[in-house]
Amino acid sequence: MSRPPEAASWFGPLEPERIAKSVQQNLAIVRLWRGFMTARVTVGVLLLLLQVSMVGLGQPVHKWLMALSAAYLAVTLAVRIYARPRWPGQNFDPQWVFTIGVDVLVFTALQFSQVSAINYTPLYALPVLLASVLGSVLLALGTAAGVTLILLMDAWRTSLQATGDMASHFLQAGLAGIGLFIVAYLTHQLATRLVREELRARRSGLAVRIQTHVNELVIESLTDGVLVADARGVVRAANPAARGLLGAGTPAPMAPFVLDSKPAWRAVAELARLTFRQRGDQIADLVIEHAGLYACQVRARTRLTATHDDEAESLCVMFLQDLREMEARLRTEKLAAMGRMSAAVAHEIRNPLAAITQANALLNEDLTEPAQRRLGLMVAQNAQRLSRIVEDVLDVSRAQQKSDPSRPASLNLDAAVQDICMDWARHASSGRTIGLALQAAPMQVAFDADHLRRVLVNLLDNAFRYASHVPESLQVSTHSPAPGQARLEVWSDGAPLEPSVERHLFEPFFSSESRSSGLGLYICRELCERHGALIGYERTRRGDGGGEREGNAFFVVFRSAKPPI
């Protein structure tokens with residue numbers, strides 16, 4: 001039997017040669033083989049019943065014919081139960097002998113040994129069809145040729161035994177043989193086409209399944225939401241991102257669900273209906289607002305699926321993007337570009353600024369008038385302020401540089417925090433307002449000492465700026481919340497941060513004060529991420545002798561340093 005060409009898809013060849021070589025994987029061949037084997041068993045049962053009924057009717061029947069029918073039934077049953085379907089050979093191999101050959105032999109014996117007017121010629125169609133469907137064209141035509149010769153021999157035998165027109169017997173045998181040749185050839189062509197289409201359908205199905213799995217994986221992992229809704233507003237499919245955007249703290253239910261079932265989704269449902277009405281793509285900014293909860297702003301884009309027949313239903317595919325994430329990405333890109341430009345400008349400013357500072361110091365040596373000295377002091381103060389801004393801008397690029405893996409950083413957290421806090425308190429003259437509660441000893445954390453000083457001093461400066469300056473208004477504590485972790489917390493009793501300020505705390509160039517560069521907390525975050533630490537903010541309550549007080553807490557969670565090898 002000819003084999004179909006290799007099938008390929010977007011993913012390359014699919015199961016090359018393997019399907020065609022294994023008949024066990026070709027369901028069409030298996031079904032046909034079992035059908036033919038069942039038909040042989042049925043023919044065997046009918047032959048045996050025919051012989052038994054003839055005996056019951058008093059017709060002369062040779063006992064060996066009954067035994068032959070019973071043996072044929074036993075052989076066909078054994079083949080049907082124990083044999084396994086496989087490709088027949090290109091020629092007359094042993095499989096032909098035990099299936100087609102047995103049929104031809106038994107039917108020939110019955111035809112030549114009949115003692116009544118029963119004609120067994122139609123039974124020859126079974127082996128011819130079996131060879132045509134499950135074998136090669138050579139096997140099919142060879143079987144038809146053998147059966148035709150047998151029919152011609154039977155016609156010759158009959159003409160010798162009976163008187164009459166001999167030509168009619170040979171003409172009938174010849175016409176039956178021609179019919180068998182036609183049936184063999186056409187059946188083989190149809191069977192070949194069936195197998196080819198079966199293999200092509202299986203390979204196409206495999207390609208569709210692979211493509212479906214890949215599409216599902218891609219859609220499930222998308223950060224943008226994807227909804228598929230019909231004209232009735234029923235969501236047929238929704239990926240986790242879309243369900244998260246539709247949900248209020250918890251994801252929306254699994255599809256299918258109705259968009260009009262919740263008031264918060266009505267804007268989405270209206271956009272889907274507008275898409276179906278206008279039969280065109282739509283873009284809109286929507287607000288998904290659940291009662292008593294936050295409002296989620298999304299940008300929705302819709303598209304209609306194409307329909308190629310009247311039975312297929314057009315669907316609305318909606319892509320949802322969280323506007324907050326879009327704004328954050330745009331802000332990050334702008335800040336990155338601004339940071340590169342600022343670093344270049346800072347390098348250019350530093351040298352002229354140093355010259356101005358030095359010139360102002362030389363001028364102050366010759367100034368004697370109080371007014372002039374005040375002007376010199378103003379120049380010096382503003383030059384120092386510009387110098388700090390320049391250093392902050394340059395610290396951003398320094399903080400983003402990778403650390404040297406050959407010099408692993410490790411320090412004792414409690415000892416380092418105590419030294420830094422004491423130095424900072426002496427410098428800020430605020431020793432009476434700071435409280436220490438160090439409980440992480442003797443844990444060693446993976447952090448550079450200079451970087452820890454920069455982070456902690458920045459947090460202390462911010463906390464001191466907004467604290468009330470009463471005793472214990474500024475507190476620094478350490479503890480171990482979990483094995484392998486240490487937590488540093490700087491707390492002050494300042495006023496709560498505004499939500500707009502809290503959202504952008506650790507972004508560069510953002511500050512609630514006009515005289516600040518807005519880079520301090522951003523540098524702290526970069527240094528923490530560089531060492532695998534986590535920095536964050538929360539509003540907490542602290543208790544002291546006067547009761548509990550609310551305050552702002554900035555915390556850093558360190559990872560434990562690996563023990564030296």
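The analysis underlying the following values was restricted to heavy atoms, covering all of them including side chains, and did not include hydrogens, waters or symmetry mates.
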- Which distance, rounded to the nearest 0.5 Å, do you find between the CD of Q444 and the CZ of F558? 12.5 Å
- To the nearest 0.5 Å, tell me how far W424 CH2 sits from D461 CG. 6.5 Å
- Item | Residue list, ring pair (Phe, Tyr, Trp, His ring centres under 6.0 Å) with F257, at least two apart or on another chain | W265
- Item | Smallest separation among heavy atoms of A553 and W491, with atom names | CB-CD1, 3.9 Å
- Message: Between H451 and R530, is there a side-chain heavy-atom distance shorter than 4.5 Å?
- Response: yes
- Message: Just verifying a value: how many Å separate S473 OG and R549 CZ, rounded to the nearest 0.5 Å?
- Response: 6.5 Å
- Task: List the steps, then state whether side chain to side chain contact (heavy atoms under 4.5 Å, CB included) holds for V228 with V235.
- Result: CA-CA 6 Å; V228 181; V235 176; 6.0 Å; no
- Indicate yes or no for a side-chain donor-acceptor contact from N239 to the backbone of G225 under 3.5 Å, with no hydrogens or angles considered. no
- Query: Looking only at heavy atoms, what is the nearest atom pair of V557 and F555, with distance?
  - Reply: CG2-CD1, 4.0 Å
- Tightest non-hydrogen contact, residues A238 and L227, listed as CB-CD2, 3.3 Å
- Task: Could you list the residues that satisfy side-chain contact (heavy atoms from CB on, under 4.5 Å) with A272, not counting sequence neighbours?
- Result: C316, M318
- salt bridge (Lys or Arg N to Asp or Glu O under 4.0 Å) against R273, all qualifying residues, sequence neighbours excluded: D260, E270
- Taking T305 for the side chain and L315 for the main chain, is one N or O donor matched with an acceptor at less than 3.5 Å? yes
- Decide side chain to side chain contact (heavy atoms under 4.5 Å, CB included) for R209 and L206; before the verdict, give the C-alpha distance in whole Å, the side-chain angles of both, and the deciding distance to 0.1 Å. CA-CA 5 Å; R209 288 194 300 273; L206 177 61; 3.6 Å; yes
- Item | C421/L460 under side chain to side chain contact (heavy atoms under 4.5 Å, CB included): CA gap, chis, key distance, verdict | CA-CA 8 Å; C421 288; L460 288 171; 4.2 Å; yes
- Message: With a 3.5 Å distance limit and no angle check, can you tell me whether D230 reaches the backbone of G233 through a side-chain donor-acceptor pair?
- Response: yes
- Are side-chain heavy atoms of R279 and L304 found at a separation under 4.5 Å? yes
- Task: Flag the pair L527 / D448 as yes when at least one side-chain heavy-atom distance between them is below 4.5 Å, and no otherwise.
- Result: no
- Item | Reported OG-to-CG distance for the pair S132 and L190, which is rounded to 0.5 angstrom | 10.0 Å
- Query: Can you tell if the side chain of V298 reaches within under 4.5 Å of the side chain of V287, non-hydrogen atoms only?
  - Reply: no
- Evaluation steps, side chain to side chain contact (heavy atoms under 4.5 Å, CB included), between R539 and E550: CA-CA 7 Å; R539 182 75 177 172; E550 283 193 351; 3.5 Å; yes
- Note on the structure: Those residues at least two apart in sequence (or on a different chain) that pass side-chain contact (heavy atoms from CB on, under 4.5 Å) with Q282 are L271, L274, T275, Q278, T302
- Note on the structure: Residue set satisfying side-chain hydrogen bond (donor to acceptor under 3.5 Å, both in side chains) with D419, at least two apart, ordered chain then number -> none
- Item | Counterpart residues, side-chain hydrogen bond (donor to acceptor under 3.5 Å, both in side chains), relative to T42 (two or more places apart) | none
- Message: Around atom CE of M422, are there more than 12 heavy atoms from other residues, nucleotides or ligands closer than 6.0 Å?
- Response: yes
- Task: Could you check if a side-chain atom of V556 sits within less than 4.5 angstrom of a side-chain atom of L534, using non-hydrogen atoms only?
- Result: no
- Task: Return the set of residues passing side-chain hydrogen bond (donor to acceptor under 3.5 Å, both in side chains) with D285 (not counting sequence neighbours), or none when no residue passes.
- Result: R299
- Considering residues at least two apart in sequence or located in another chain, which fulfil the side-chain contact (heavy atoms from CB on, under 4.5 Å) criterion with A267? L286
- Query: Who are the salt bridge (Lys or Arg N to Asp or Glu O under 4.0 Å) partners of R301, not counting sequence neighbours?
  - Reply: none
- Message: The criterion is side-chain contact (heavy atoms from CB on, under 4.5 Å); which residues satisfy it with P481, sequence neighbours excluded?
- Response: H479, Q485, R487
- Task: Using the six-membered ring wherever Trp is involved, compare the ring planes of H531 and F447 and label them parallel, tilted or perpendicular (cut-offs 30° and 60°).
- Result: tilted
- Query: Between atom OG of S492 and atom CZ of F464, what is the distance when rounded to the nearest 0.5 Å?
  - Reply: 11.0 Å
- Task: Over all heavy atoms of both residues, which pair between M443 and S480 is shortest? Give the atoms and the distance, please.
- Result: CE-OG, 3.7 Å
- OG1 on T38 to CH2 on W33, rounded to 0.5 Å: 8.5 Å
- In terms of side-chain geometry, is the basic nitrogen of D423 or R453 positioned less than 4.0 Å from the acidic oxygen of its partner? yes
- Task: Name all residues meeting the ring pair (Phe, Tyr, Trp, His ring centres under 6.0 Å) criterion together with F554; count only those two or more places apart in sequence or in a different chain, and write none if there are none.
- Result: Y537
- Message: Between T478 and Q439 (side chain of the first, backbone of the second, donor and acceptor by atom type, cut-off under 3.5 Å), is there such a pair?
- Response: yes
- Message: Just to verify, what does S468 make a side-chain hydrogen bond (donor to acceptor under 3.5 Å, both in side chains) with, not counting sequence neighbours?
- Response: D493
- For I535 against C524, the heavy-atom pair lying closest together: CD1-CB, 3.9 Å
- Correct closest heavy-atom pair for A495 and N552 would be O-ND2, 2.8 Å
